[in-house]
Novice: 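Got a structure for you, questions after.
Side-chain atoms are counted along with the backbone in the values below, which use heavy atoms only and exclude waters and symmetry mates. We name chains A, B, ... by the order of the sequence lines, and we start the count at 1 in each one.
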4 protein chains.
Amino acid sequence: MKDGTGNAKGVARPKRADARRNEKSLLDAAAAVFVTSGVEAPVRDIAARAGVGTGTIYRHFPKRADLILAVYRHQVEACAEAGPELLASSPSPHAALRQWIGLFVDFLVTKHGLAAALQSDSADFETLHASFLDRLLPVCTRLLDAAARAGEIRSDVTAYELLLAVGNLCIGAEHNPRYEARRMVALLIEGMRLPAQG
Amino acid sequence: MKDGTGNAKGVARPKRADARRNEKSLLDAAAAVFVTSGVEAPVRDIAARAGVGTGTIYRHFPKRADLILAVYRHQVEACAEAGPELLASSPSPHAALRQWIGLFVDFLVTKHGLAAALQSDSADFETLHASFLDRLLPVCTRLLDAAARAGEIRSDVTAYELLLAVGNLCIGAEHNPRYEARRMVALLIEGMRLPAQG
Amino acid sequence: MKDGTGNAKGVARPKRADARRNEKSLLDAAAAVFVTSGVEAPVRDIAARAGVGTGTIYRHFPKRADLILAVYRHQVEACAEAGPELLASSPSPHAALRQWIGLFVDFLVTKHGLAAALQSDSADFETLHASFLDRLLPVCTRLLDAAARAGEIRSDVTAYELLLAVGNLCIGAEHNPRYEARRMVALLIEGMRLPAQG
Amino acid sequence: MKDGTGNAKGVARPKRADARRNEKSLLDAAAAVFVTSGVEAPVRDIAARAGVGTGTIYRHFPKRADLILAVYRHQVEACAEAGPELLASSPSPHAALRQWIGLFVDFLVTKHGLAAALQSDSADFETLHASFLDRLLPVCTRLLDAAARAGEIRSDVTAYELLLAVGNLCIGAEHNPRYEARRMVALLIEGMRLPAQG
DNA sequence: GATGAATGAGTGTTCATTCAT
DNA sequence: AATGAATGAACACTCATTCAT
């Protein structure tokens with residue numbers, strides 16, 4: 001019955017006020033450290049940055065994946081929600097796909113190590129991998145399907161491989177001024193396009 | 001300044017036969033372990049596999065990057081040499097580019113962790129990154145230029161970003177049957193193509 | 001000087017009803033957890049089981065020994081009280097001693113870790129040790145004296161060493177089906193016996 | 001083919017000279033620390049006392065049980081070997097048993113925490129428990145059998161429970177001047193005696 | 001040159017205890 | 001009074017790297 005996190009409005013205990021504040025600063029610190037040292041940064045570093053003890057991190061996020069997940073949840077969510085909207089408002093499904101992938105790239109490119117972590121085969125990161133995919137895969141699939149049905153892109157590319165490919169293309173982009181992930185991703189998307197039918 | 005091969009400047013004393021033999025078995029062992037545990041595998045594992053002490057590895061390859069470099073030198077070399085050949089024998093520069101990139105992918109995809117290591121910003125891996133690029137960049141540039149001059153591909157993609165992009169696309173491919181790096185790379189190359197001029 | 005029960009000197013303010021209720025549930029929880037995880041079980045576990053915060057435990061029982069003491073007080077008390085009764089009702093002092101030791105063993109054997117804790121030299125457990133002894137030593141002494149005076153047992157065994165010996169013999173018994181503490185204690189008691197005088 | 005330890009005389013690599021010296025000082029340090037803080041003393045403490053790094057301890061003794069075992073191996077061995085000798089030289093099997101148990105007590109009583117560790121149910125200590133028993137059980141069994149066959153003691157006490165009981169009786173003896181383990185053990189042994197047959 | 005023993009910093013993780021709410 | 005969040009010392013263990021033999 002304990003609820004570690006959510007409990008939006010209901011009968012939530014009042015105490016959570018300071019804890020929530022603390023959790024927020026934890027998330028901020030983690031995000032900052034992740035940018036600098038990657039998502040595998042030592043727990044101590046994150047704790048130090050947040051000005052808390054290491055135990056506090058473990059209390060809030062028992063597994064590392066929990067922390068990473070929490071750090072990026074909002075952004076993943078925003079990205080996921082943008083999918084249908086773009087599909088509705090764009091001139092073509094392919095344009096929607098391109099824009100949506102653009103959002104995904106914007107998100108990943110600033111998360112040093114995230115893309116790499118998503119590739120880690122460590123048991124600890126499988127959850128992470130899965131959670132990201134759970135939310136994003138359906139959205140991407142729908143965009144892909146729409147574009148394929150419209151005859152704009154080939155239909156043999158799965159959302160899974162596309163997301164992984166895009167994720168990979170973002171690795172290392174942040175620290176490398178000579179490597180522009182967005183351009184590379186654009187090429188990839190362009191490579192999926194089918195010639196307009198006469 | 002240290003050079004793992006003992007090959008300083010021009011006066012290199014020819015390495016003793018047994019030392020060379022030793023180095024060879026070191027390389028074989030490292031290659032094998034890299035496949036299993038990635039290029040960041042513990043030094044001890046490699047030493048054990050080679051049947052030598054850890055100190056021996058450090059003598060031959062002071063920095064980890066030296067070892068990785070040595071392990072893959074032959075293959076990088078072969079890849080580099082294939083560039084001009086493909087350009088000469090292929091029906092078009094773009095085809096040559098595609099095939100050459102294919103060789104590069106073949107190489108990377110079977111090297112667990114190599115692609116990831118190439119992206120590491122650790123000072124230790126910068127050498128690695130640089131060495132690979134030193135040899136491959138000119139080759140790739142020449143292929144790119146040829147294809148661009150032939151009007152087959154856009155001319156705003158540098159060899160540097162292309163190699164990085166392809167390298168990135170290969171990350172994690174080995175252990176993931178649902179992710180086919182070659183397909184993704186093919187899309188990228190396809191995305192560079194320019195419509196044939198009337 | 002601190003006394004976990006809040007019962008200082010003589011002016012003890014009667015504890016509030018709810019506090020007493022709380023303390024009772026604490027004791028029950030602790031007893032249950034002690035059985036499962038030993039008397040050194042994490043405070044959190046006990047608190048969780050009791051449905052209270054850890055702070056509450058510390059309020060009621062500042063030191064771990066206080067808690068252990070409180071948990072077993074009733075049983076120690078019952079054991080102590082049984083001494084004189086047995087002496088009065090048994091056919092011989094030695095029989096009374098044997099039975100009383102039996103009660104003590106029954107008590108200890110089911111308290112995972114208690115016997116071990118009584119032996120711990122940690123400052124924290126000295127209190128525990130002392131408290132148990134305070135109550136039980138006089139009782140045991142009286143039984144021993146009676147049996148010795150009756151010529152049934154040797155008179156050079158002190159209650160202190162007997163209690164410790166019996167306590168020790170109980171260590172580890174609970175989890176070891178091949179080790180029957182009661183049998184070993186019986187041998188010890190038997191070993192104290194003096195041959196009946198012609 | 002690697003031999004981590006033994007290899008007494010044969011073709012042993014020469015290098016082991018300093019390592020052996022080091023291992024000896026490790027053992028001495030461990031023994032000293034065990035006396036002070038018990039066999040569960042922090043690895044760091046032992047390392048510090050021996051003047052080595054923690055890694056050195058792990059190299060020589062991967063598991064804690066290995067260290068404990070090594071520390072006490074000689075003494076266990078000596079104890080085991082004394083069994084048959086005592087049986088041969090003592091006036092009666094019971095006397096031999098008594099003396100042998102005396103040796104066992106002498107050994108245990110000075111090893112703070114050993115007896116307790118032998119009782120630990122931690123997986124890590126099972127090995128320890130088993131190793132001690134492996135060596136001592138047969139010896140004790142033989143003494144017990146001889147005494148039982150001679151009609152001097154009851155035959156329903158197993159070597160296993162006797163050793164455990166004696167071990168338990170030794171717990172805490174070193175630091176407690178008021179508790180004399182030897183006396184208590186003597187009582188136990190006495191308690192096994194059978195009245196001489198007419 | 002080769003060896004592998006030694007080193008010790010670095011890291012994850014647990015848990016008793018304190019204290020703001 | 002009760003709560004439980006926060007703290008941080010403590011500990012086991014790993015592994016890159018050095019260096020005596």
Novice: Without decimals, in angstroms, what is the distance between A:Phe61 CZ and E:dT13 P?
Specialist: 15 Å
Novice: How do C:Tyr58 and D:Gly53 order along DNA chain E: which one's closest nucleotide is nearer the 5' end?
Specialist: D:Gly53
Novice: Hey, what's the ring geometry for D:Phe132 with D:Tyr72, parallel, tilted or perpendicular (30° and 60° as the breaks)?
Specialist: perpendicular
Novice: With DNA chain E as reference, determine whether A:Pro62 or B:Gly51 sits nearer its 5' end, using the nearest nucleotide of each.
Specialist: B:Gly51
Novice: Donor-acceptor check, side chain of B:Arg59 to backbone of B:Thr54, threshold 3.5 angstrom: yes or no?
Specialist: no
Novice: Whether C:Asp28 and C:Lys24 form a salt bridge (side-chain N of Lys/Arg under 4.0 Å from carboxylate O of Asp/Glu) is what I want to check.
Specialist: yes
Novice: Would you indicate, yes or no, if E:dA5 has its OP1 or OP2 atom less than 4.0 angstrom from a side-chain nitrogen or oxygen of D:Thr56?
Specialist: no
Novice: Would you kindly give the CD1-to-C1' distance between C:Ile46 and E:dA16, to the nearest whole Å?
Specialist: 12 Å
Novice: Does A:Ile57 or B:Gly55 map to a spot on DNA chain F nearer the 5' end, using the closest nucleotide for each?
Specialist: A:Ile57
Novice: Compare the minimum distances between each of E:dA2, E:dA16, E:dT11 and the side chain of A:Pro42, then state the nucleotide with the smallest one.
Specialist: E:dT11
Novice: Does F:dA2 have OP1 or OP2 under 4.0 Å away from a side-chain N or O of C:His60?
Specialist: yes
Novice: Mapping D:Asp45 and D:Thr54 to their closest nucleotides on DNA chain F, which lands nearer the 5' end?
Specialist: D:Asp45
Novice: Hey, is the side chain of A:Arg59 pairing donor to acceptor with the base of F:dA5 inside 3.5 Å?
Specialist: yes
Novice: Considering only heavy atoms and no angle criterion, is a donor-acceptor pair shorter than 3.5 Å present between the side chain of A:Arg44 and the base of E:dG12?
Specialist: yes
Novice: In whole Å, what is the span from the CG atom of A:Leu67 to the P atom of E:dG12?
Specialist: 11 Å
Novice: Counting heavy atoms from C-beta on, name the nucleotide in F:dA6, F:dT14, F:dT3 closest to the side chain of C:Val52.
Specialist: F:dT3
Novice: Is there a side-chain contact between A:Asn22 and the phosphate of F:dA6, meaning an N or O under 4.0 Å from OP1 or OP2?
Specialist: yes
Novice: Which nucleotide, if any, forms a Watson-Crick or G-U wobble pair with F:dA6, using both distances under 3.5 Å?
Specialist: E:dT17
Novice: Find the partner of F:dC11: check Watson-Crick (N1-N3 plus N6-O4 or O6-N4) and G-U wobble (N1-O2, O6-N3) distances, both under 3.5 Å, and reply none if neither fits.
Specialist: E:dG12
Novice: Could you report the tightest heavy-atom contact between C:Ala41 and C:Ile46, atom names first, then the distance?
Specialist: O-CD1, 4.3 Å
Novice: For a quick test of reading the model, state the closest non-hydrogen atom pair linking C:Ser25 to C:Ala50 and the distance between them.
Specialist: O-CB, 4.0 Å
Novice: Over how many whole Å does the gap from C:Lys63 atom NZ to E:dC15 atom C1' extend?
Specialist: 15 Å
